[in-house]
Amino acid sequence: MADTSSTPDTRTPAEIEADIKRRRETLAETLDEIGVRVHPKTIVGDAKAKVVSHVDNTLGRAYVRANRVVGEVKSQMVTEDGAPRLERIVPVALVVVGVVGLLALGSRRRKG
């Protein structure tokens, strides 16, 4: 930082007053900006925006993963020309029917 105390100020009083006025206005603008940034509504709004962005990002990744899994399962259950692969569908269907049947029996036993 330069030492300006040893050099004489050659500005006129009007120039000094204008400089002070300009600096006051700049300082007022800076303080207004700080006030807006630390206002509770601004802080809450920023936090909400971050949460929404994170949730959107997470949901987007989940959607992409789910589509990938569905695509992989579909590719296992149908041939490249779209015909069903019965040798894979029938065992899966039997397992699903068995699980549903066991769940139904379990719920009947609890009620009775």
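Predicted model, so just to flag it, every value in this text is computed and none were measured.
- Here CD of E17 is found 11.0 Å from CZ of R11. Values are rounded to the nearest 0.5 Å.
- In this structure, D32 CG and E29 CD are separated by 8.0 Å, a value rounded to the nearest 0.5 Å.
- Within a 6.0 Å sphere centred on CZ of R23, other residues, nucleotides and ligands contribute 12 heavy atoms or fewer.
- Residues V92 and V70 do not share a hydrophobic cluster, clusters being chains of Ile/Leu/Val/Met/Phe/Trp/Tyr side chains in contact below 4.5 Å.
- Placement of I89 and V73 within a single hydrophobic cluster is found when ILVMFWY residues are connected by side-chain heavy-atom separations under 4.5 Å, directly or transitively.
- For the pair T42 (side chain) and V38 (backbone), a donor-acceptor distance under 3.5 Å is absent.
- K74 is listed as a side-chain neighbour of V78, based on a closest heavy-atom distance under 4.5 Å.
- For the side-chain contact (heavy atoms from CB on, under 4.5 Å) test with D19, the passing option among E15, R22, K21 is R22; the others fail.
- Of the possible polar contacts, one joining the S75 side chain to the E72 backbone as a donor-acceptor pair under 3.5 Å is found.
- In this structure, L105 is not a member of the same hydrophobic cluster as V96, with clusters built from ILVMFWY side-chain heavy atoms closer than 4.5 Å.
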**Item:** side chain to side chain contact (heavy atoms under 4.5 Å, CB included) assessment of H39 paired with I43
**Value:** CA-CA 6 Å; H39 193 278; I43 293 170; over 6 Å; no

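- Residues V95 and L86 are members of separate hydrophobic clusters, defined by side-chain heavy-atom contacts under 4.5 angstrom among Ile, Leu, Val, Met, Phe, Trp and Tyr.
- In the hydrophobic clustering of this structure, L59 groups with V51; members are Ile, Leu, Val, Met, Phe, Trp, Tyr whose side-chain heavy atoms approach within less than 4.5 Å, directly or through other members.
- Within the 4.5 Å cutoff, the side chain of N57 has heavy atoms near those of the R61 side chain.
- R88 contributes a side-chain N or O that, together with a main-chain N or O of Q76, makes up a donor-acceptor pair within less than 3.5 Å.
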